[in-house]
Amino acid sequence: MEIRKIGGLLCVAVLSVSSFQTQAVGLYAGQVLNKSHRANTHNVVKNFVETRKGFGYVEFTGGKVIGNTDNEFKVTVGPHNTTLGSVLGGVDLNFNPENLNCVRGLHLSLSVGSDVPLSLSPTCDALLRADINRTISHTVAEAEVPIPEIPIDPAGVFRLGVKVGAALRVGADFAAGLEVGGFDRPNKTIEINGQRRPDFIYASVRPFISGDATAKGYVSLNLLLKTVEKGVNGSLTLINAGTKAYAEAGIAYKPGCECNQVKEYQYYTKLKWDASAKGGNGKIGLYCDVKLLSFARIFYAQTDLISWSPVYELEHTIYEKTAYF
């Protein structure tokens with residue numbers, strides 16, 4: 001299943017706020033995450049890879065701030081690196097606390113392959129009434145990838161063609177909100193027509209993926225006095241991975257700055273990524289069992305198809321920066 005990016009779990013976040021800068025300044029995180037967990041595979045299978053990527057930047061230019069964070073999960077298999085599954089989460093955000101209509105666009109979405117199981121576009125008023133905290137998850141059976149016949153015994157007499165697939169548990173955690181007062185910030189508040197404007201807006205998305213790889217293939221032949229059985233055994237657990245992208249923008253002074261002697265407030269934005277990965281163990285193999293009169297075993301052979309060792313990576317921050325302007 002091929003990834004289709006939708007404006008931004010597998011995952012995009014876009015941040016855009018207004019400023020008064022005419023020269024480009026900002027946060028240029030670049031690629032904050034690029035890890036591939038590659039399994040040991042039979043030379044016919046060639047590849048079984050679970051990939052995590054993260055990229056992002058935010059830039060103040062031409063009177064506005066534009067940015068992007070991109071989180072992607074993908075599982076590929078086979079000699080042609082066919083995609084078994086992908087997850088992509090996204091946030092589109094547009095914020096200017098000086099405008100009465102402070103949020104001009106906020107969109108939260110989750111994409112699983114070509115499907116979009118979640119798409120939300122809350123208004124400024126809705127965010128002022130209540131923060132959004134939403135989790136969505138479900139299990140999907142991805143398309144199976146056919147693998148050419150694989151020799152089971154060393155001599156290559158017994159072979160079996162298989163189909164490799166995956167049962168994926170996928171989803172995302174979403175959060176978004178506006179904050180007005182209720183905390184100590186060293187800046188003069190913005191008021192329009194006697195109404196205090198929001199101090200900051202935030203939005204985050206954490207797409208995640210886990211599940212099990214599957215393999216199908218079975219043949220049973222009765223040849224006079226002999227019975228030949230060929231099939232798949234074992235189990236393989238995918239890596240349970242998640243990456244959270246967080247974007248925040250608003251008004252506040254840089255800590256320790258005496259900026260209030262020059263102007264009443266500063267704009268700022270913050271970008272942060274947290275990542276984690278654990279699990280991913282087991283193996284899938286092929287076997288051949290030859291019996292005489294269906295009872296006495298006269299030959300048995302097996303070979304590993306896909307195997308890997310567990311990964312232990314506790315959740316940790318891979319990027320965090322704040323820019324004031």
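Salt-bridge formation is detected for the pair D289/R297: a Lys NZ or Arg NE/NH1/NH2 atom is positioned less than 4.0 Å from an Asp or Glu carboxylate oxygen.
In terms of heavy atoms, V49 sits closest to S36 at CG1-CB, 3.9 Å. Contact between S220 and T227 at its shortest, heavy atoms only, is OG-CG2, 4.3 Å. The two residues L305 and V162 make their nearest non-hydrogen contact at CD2-CG2, 4.1 Å. Contact record, D131 with G177: OD1-CA, 3.5 Å, taken as the closest heavy-atom pair.
Panel note: side chain T41, backbone K46; a donor-acceptor pair is recorded below 3.5 Å. Counting only distance, with no hydrogens or angles, the side chain of S204 and the backbone of A245 share no donor-acceptor pair below 3.5 Å.
Y319 and D274 share no side-chain donor-acceptor pair at under 3.5 Å. Under the 3.5 Å distance criterion, with hydrogens and angles disregarded, no donor-acceptor pair is assigned to the side chains of E320 and Y246.
Hydrophobic clustering places Y218 together with Y300 (ILVMFWY residues linked when any side-chain heavy atoms are closer than 4.5 Å, directly or through intermediates).
Applying the 6.0 Å contact sphere to NE2 of H80 captures no more than 12 heavy atoms from other residues, nucleotides or ligands.
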In residues 308-315, what donor-acceptor pairs under 3.5 Å come from side-chain atoms, sequence neighbours left out?
residue: W308; atom: NE1; partner: T237; partner atom: O; Å: 3.2
residue: E313; atom: OE1; partner: K35; partner atom: NZ; Å: 3.0
residue: E313; atom: OE1; partner: R52; partner atom: NH2; Å: 3.0
residue: E313; atom: OE2; partner: R52; partner atom: NH1; Å: 3.3

